[in-house]
Amino acid sequence: MSTSEPQSLPTPRAEVTAMPAYVPGRPPVPRDDVITYKLSSNENPYPPLPGVLEAAARACAVMNRYPDMGSVELRTALATKLGVELDQVAVGTGSVAILYHLLQAFCEPGDEVVLAWRSFEAYPIAITVAGATGVEVPLTADGRHDLPAMAAAVTERTRVVLLCTPNNPTGPALTRSEVEAFLAAVRSDVVVVIDEAYLEFVRSADPVDGVGLATSRGNVVVMRTFAKAYGLAGLRVGYLVGPAPIAEAVRACSLPFGVSSLAQAAAVASLDAEVELFERVASIVAERDRVVAGLADAGWTVPEAQGNFVWFELGDRTAEFVAAAEEAGIVVRPFAGEGVRVSIGEPDANDVLLKVAAALHPSRHGSGDSTP
Ligand SMILES: *Cc1c(COP(=O)(O)O)cnc(C)c1O
């Protein structure tokens with residue numbers, strides 16, 4: 001070919017170029033005048049649990065070797081803890097990776113994935129990467145999934161439905177009765193994914209029994225993560241429990257050796273440290289409830305907060321709230337023009353949030369309120 005002819009360059013698929021970018025929670029910039037806190041990524045504010053660092057350090061000593069590709073020790077520990085079979089468990093580099101593999105395994109171009117919106121920002125990206133089409137069903141006014149509308153949005157092309165409980169970023173959890181009614185209304189060849197990333201923080205009178213559903217029905221899976229309650233966000237490890245054929249399809253699509261030896265060892269050690277873990281989770285839940293009560297005292301109403309975060313629906317006041325928080329030393333997670341998600345952190349960090357919120361009059365943030 002002559003070099004003078006115009007040559008075309010490689011181009012990604014159009015939908016990849018158009019895909020929204022995942023916006024990670026920003027870390028704070030250290031300052032001299034105030035202590036700064038990162039409340040933007042729903043991380044666990046506490047350092048690794050006893051025994052976990054040691055287990056990861058032992059795994060470091062053999063980093064010249066590939067990890068166990070089947071993550072058998074970790075999957076066995078999970079299966080034992082949850083009372084399921086080994087072949088009903090798949091692990092991945094975070095539950096987001098598991099979602100990618102699951103969509104890749106079940107969706108062809110043009111297939112539809114029904115999801116609530118606004119929900120976890122990784123979902124639309126994962127759906128696009130898989131070549132599928134997202135069908136977004138608006139949340140109700142109080143930040144909950146509209147399950148009847150989601151059931152009605154299922155078409156012949158639907159292969160997967162995503163349920164996020166508690167919903168990131170708004171906070172409410174689904175209930176057992178509403179999920180069971182939803183499942184009864186959805187075709188049995190549609191995979192229903194229950195994303196329980198914040199399960200450990202839920203205090204509900206009618207909690208969803210995700211593992212029970214995932215092991216008693218042929219089309220339900222739960223995804224969970226070690227990134228939030230277990231405090232291993234930096235190691236990237238999560239898991240799926242579901243019918244063996246679905247778990248197997250997810251494993252088949254996984255990257256070989258994706259979950260590192262460090263992550264496997266730390267996750268196993270974390271399961272052994274659950275007594276301390278659940279004490280910490282309980283203290284974060286107590287802090288969450290203190291924050292929600294403090295916000296109510298200051299006149300704020302937030303959606304039911306069942307995760308380790310609270311949601312402020314602020315509309316065009318979002319930037320103002322973010323700036324006030326930043327000034328006070330806390331970095332939050334803005335969703336431009338919609339609102340702000342604030343993670344529950346150390347008690348001192350939560351105190352800063354309460355001060356910031358008290359100083360901003362909530363009535364000025366209500367939608368449709370014209371008060372200047
Ligand atoms: C944080 C989060 C996850 C977990 O992601 P990892 O990839 O395991 O870190 C999954 N789902 C939701 C809704 C989340 O907020």
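When a ligand or atom number is given, it counts from 1 through the structure's own listing order.
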Going by distance alone, is a donor N or O of one side chain under 3.5 Å from an acceptor N or O of the other, for [X] and [Y]?
| X | Y | value |
| --- | --- | --- |
| S71 | Q264 | yes |
| Q306 | S204 | no |
| N219 | S188 | no |

Close N/O pairs between ligand 1 and protein, under 3.5 Å:
{"unit_1": "ligand 1", "atom_1": "7 (O)", "unit_2": "S95", "atom_2": "N", "d": "3.2"}
{"unit_1": "ligand 1", "atom_1": "7 (O)", "unit_2": "V96", "atom_2": "N", "d": "3.1"}
{"unit_1": "ligand 1", "atom_1": "7 (O)", "unit_2": "R236", "atom_2": "NH2", "d": "2.7"}
{"unit_1": "ligand 1", "atom_1": "8 (O)", "unit_2": "S95", "atom_2": "N", "d": "2.7"}
{"unit_1": "ligand 1", "atom_1": "8 (O)", "unit_2": "S95", "atom_2": "OG", "d": "3.2"}
{"unit_1": "ligand 1", "atom_1": "8 (O)", "unit_2": "T225", "atom_2": "OG1", "d": "2.6"}
{"unit_1": "ligand 1", "atom_1": "9 (O)", "unit_2": "R236", "atom_2": "NH1", "d": "2.8"}
{"unit_1": "ligand 1", "atom_1": "9 (O)", "unit_2": "R236", "atom_2": "NH2", "d": "3.2"}
{"unit_1": "ligand 1", "atom_1": "11 (N)", "unit_2": "D195", "atom_2": "OD1", "d": "3.3"}
{"unit_1": "ligand 1", "atom_1": "11 (N)", "unit_2": "D195", "atom_2": "OD2", "d": "2.6"}
{"unit_1": "ligand 1", "atom_1": "15 (O)", "unit_2": "N168", "atom_2": "ND2", "d": "2.8"}
{"unit_1": "ligand 1", "atom_1": "15 (O)", "unit_2": "Y198", "atom_2": "OH", "d": "2.6"}
{"unit_1": "ligand 1", "atom_1": "15 (O)", "unit_2": "K228", "atom_2": "NZ", "d": "3.2"}

* Output every pair passing ring-ring contact (aromatic ring centres under 6.0 Å, His included) with a member in residues 209-241, not counting sequence neighbours, ordered by first then second residue. => F226-Y230, F226-Y239

* Asked: Taking NZ, NE, NH1 and NH2 as the nitrogens, is one of them in R251 or E248 under 4.0 Å from a carboxylate oxygen of the other?
  ->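 E248 and R251: not salt-bridged.
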
* Of the non-hydrogen atoms in H101 and C253, which two are nearest, and what is the gap between them? ->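 Residues H101 and C253, closest heavy atoms: ND1-O, 3.4 Å.
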
